[in-house]
There are 2 protein chains.
Amino acid sequence: MIQRLCVIGVGLIGGSMAKAARSLGLCREIVGLDTDPDNLARALALGVIDEGYDIQENGAIGKLATGADWVVIATPPGASLKTFRDLQSAWSQDTIYTDVGSIKGKVIAAAESVFGEVPANFVPGHPIAGAERSGVEAASTDLYQDKRVILTPVATTNPDAVRAVEGFWTALGALVSLMEPLHHDQVFAATSHLPHVLAYALVHMLGRKDEQEEIFQYAGAGFRDFTRIASSNPEMWRDICLLNGEQIIPLLSGMGDELKKVSSLMENSTAESAKNLLVYFAEARDARQRFLNQSSSDIGSS
Amino acid sequence: MIQRLCVIGVGLIGGSMAKAARSLGLCREIVGLDTDPDNLARALALGVIDEGYDIQENGAIGKLATGADWVVIATPPGASLKTFRDLQSAWSQDTIYTDVGSIKGKVIAAAESVFGEVPANFVPGHPIAGAERSGVEAASTDLYQDKRVILTPVATTNPDAVRAVEGFWTALGALVSLMEPLHHDQVFAATSHLPHVLAYALVHMLGRKDEQEEIFQYAGAGFRDFTRIASSNPEMWRDICLLNGEQIIPLLSGMGDELKKVSSLMENSTAESAKNLLVYFAEARDARQRFLNQSSSDIGSS
């Protein structure tokens, strides 16, 4: 049993981990840190945490993480360098550290730059959960039920620490898999980061048009679903884009090429280009069907 | 009351109109035409239509539309020129004709090219409903409940015919509005056609990657929603793209520019470009919020 769980960043992700851990009896006490005093007050009022402290308070992170046998870093990915620095002086060999950032390469690099090498008891992780909602009031005990969690240990990571973090997530109902950090960042650039940028870009472009009100008025369910991820937290997505730009930028350029390809098929108006356009759309539909078949045969992607 | 409703194309859209019209007692008998004999057999078996005929049968459309006081053209938009030609010899001044095509300019131009001018009793229409499902078994009586229907009459259209079609859709629970055909095509290029092309292009690009299986395996709910429209009917979207290319192509090129803009903000890695990236995402999120606010204050877009 975890004696003192320290959750740094009590938002949807960290808050749900705290709630689930408590409801499953996985920990004795929970202490939370957050940059937002209102969110912290709500986390306390909701009983998600037993003690709550302002992250910006001088040395707060280090002080509170002392004595914690489990530390979950659930701050925005852009804050990880600062968080490791704050944790450095109080870093304990007897504590398990893990994070929840959607990019792993740069988080691991941040740990390496602070500690000289990636600490053996830090297990980088990424739960594939959460959505546009944010803040502790959106947290729920079953957020991770049947969701995937990816752990990306490196050569220096202690296998016992990996097993401990894996056990924690499994207890929360998640399906855990291991992946190379760089490979993780490549896969998620394609499956998550690129679609987010596309959705933001589309809504931004349409939102600048004179007829935007009319465009939005006649937009139906397809548009609503397509743009749902454009309601995501802008700070988090700025961080992700800046930290994983190396993987995302080539995909954006690839998408530009795809759009040109489709455009030229539409422009040509020959029987052959009409046929190629049909083939293109049919192949895309079939690819999505492969995705759906994979999802339905697999509890992790729902 | 409609005596004999002729539905050309008994798929999701035409089939739902037939089912709803019958269940509301708006018509006495319904005759359906379709290119797919299996679909036709199902439409008969399900009681959606009273008589069913193969569209490809020589002169079938013309023969069946004779005696119909209402004709709904619910064929794919690319077939409208052929449909008007088939209907020409049996065209009756006492009949109301309407269609359901997602693009209006080229459908109207097709009518004009066949009849010399757009017939006064043809009311071009576009119900904003339907999804990835297709075929008569997906048809339902409430498909149009609280959905928008846009009618795009032209100068020659008889206002009484417009009122009749408006009354029909209103009886089916839809919210009817009128729009200029070209303006309709511009608005829907932005709100519907562009997102469809983006979804197809994204899935096509990812589906060609070596690691596609892994990409799809780790894709979550965001990806599923974002790409839902890539499961749409490829034939219909080929038609729409070819018929409305004039409006869609500039938007695709605009999207290409947006992606370059975001890319360069990600590349620069200056404090200013980080700030601009945040502003860009925040503005997009706010634009989507305007869309959501509009949808929720408005029965038509759900």
Side-chain angles (χ1 to χ4, degrees), chain A residues 128 148 187 190-192 195 197-207 211 214-220 222-223 225-231 234-235 237-238 241-242 245 248-249 252 254-256 258-259 262-263 266-267 269 274 277-278 280-285 287-288 290-291 294 301, chain B residues 128 148 187 190-192 195 197-207 211 214-220 222-223 225-231 234-235 237-238 241-242 245 248-249 252 254-256 258-259 262-263 266-267 269 274 277-278 280-285 287-288 290-291 294 301:
Chain A
I128 320 301
R148 285 188 174 277
V187 166
T191 200
S192 167
V197 173
L198 291 178
Y200 277 128
L202 173 74
V203 179
H204 202 282
M205 182 174 89
L206 300 186
E211 61 270 40
E214 209 167 1
I215 289 172
F216 289 159
Q217 186 180 356
Y218 291 103
F223 183 82
D225 280 0
F226 187 81
T227 60
R228 183 169 67 80
I229 50 181
S231 290
E235 284 83 9
W237 282 95
R238 175 205 52 199
C241 284
L242 293 178
I248 305 169
I249 289 168
L252 286 174
M255 266 302 286
E258 293 298 311
L259 300 187
V262 179
S263 241
M266 286 165 61
E267 258 166 8
S269 73
L277 195 61
L278 175 63
Y280 187 91
F281 289 164
E283 285 172 349
R285 184 200 49 185
R288 185 167 190 271
R290 292 198 295 279
F291 158 63
Q294 230 169 287
S301 322
Chain B
I128 319 302
R148 286 189 173 275
V187 166
T191 200
S192 166
V197 173
L198 290 178
Y200 278 128
L202 173 74
V203 179
H204 202 283
M205 182 174 90
L206 300 186
E211 61 270 40
E214 209 168 1
I215 288 172
F216 289 159
Q217 185 180 356
Y218 291 103
F223 183 82
D225 280 0
F226 188 80
T227 60
R228 183 169 67 81
I229 51 182
S231 290
E235 285 83 9
W237 283 94
R238 174 205 53 199
C241 284
L242 293 178
I248 304 169
I249 290 169
L252 286 175
M255 266 303 285
E258 292 299 311
L259 300 187
V262 180
S263 240
M266 286 165 61
E267 258 165 9
S269 73
L277 195 60
L278 174 64
Y280 187 90
F281 290 164
E283 284 172 350
R285 184 200 47 186
R288 185 167 190 271
R290 292 198 295 279
F291 157 63
Q294 232 169 287
S301 323

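Residue numbering restarts at 1 for every chain, and letters A, B, ... go by the order of the sequence lines. What you see is a predicted model; the values in this text were computed from it and never measured.
Of all non-hydrogen atoms in Tyr280(B) and Ala201(A), the two that sit nearest each other are OH-CA, 3.3 Å. Closest approach of Arg290(B) to Gly207(A), counting heavy atoms only: NH2-O, 3.5 Å. Scanning all heavy atoms of the two residues, the minimum distance from Leu259(A) to Gly256(B) falls at CD1-N, 4.3 Å. Shortest non-hydrogen contact noted between Ile128(B) and Tyr218(A) is CG2-O, 4.1 Å. In plain terms, the two heavy atoms of Ile229(A) and Gly222(B) that are nearest each other are CG2-CA, 4.0 Å. Looking at every heavy atom in both residues, Leu202(A) comes nearest to Pro195(B) through CD2-CG, 3.9 Å.
Under the 4.5 Å side-chain criterion, counting only non-hydrogen atoms from C-beta, Met266(A) is in contact with Leu252(B). At least one side-chain heavy atom of Gln217(A) sits less than 4.5 Å from a side-chain heavy atom of Arg148(B).
Both the backbone and the side chain of Ile215(A) come within less than 4.5 Å of a heavy atom in chain B. Looking at Ser192(A), there are no atoms closer than 4.5 Å to chain B (heavy atoms on both sides), in backbone or side chain. With a 4.5 Å cut-off on non-hydrogen atoms, Leu206(B) touches chain A through its side chain but not through its backbone.
The choice from Glu267(B), Met255(B), Glu283(B) that makes the most heavy-atom pairs within less than 4.5 Å of chain A is Met255(B). Ranked by heavy-atom pairs under 4.5 Å with chain B, the first of Met205(A), Glu235(A), Arg238(A), His204(A) is His204(A). Per-residue counts of heavy-atom pairs under 4.5 Å with chain B were compared for Gly245(A), Ala199(A), Cys241(A); the largest is that of Cys241(A). When Ile249(A), Ile248(A), Val197(A) are compared by the number of non-hydrogen pairs under 4.5 Å with chain B, Ile249(A) comes out ahead.
Between Phe291(B) and Phe223(A), the ring planes are perpendicular. Angles over 60° get that label, and only those under 30° would be called parallel.
With rounding to the nearest 0.5 angstrom, the OG1 atom of Thr227(B) is 14.0 Å from the CZ atom of Arg285(A). Note that OH of Tyr200(B) and CD of Glu258(A) are 14.5 Å apart. Values are rounded to the nearest 0.5 Å.
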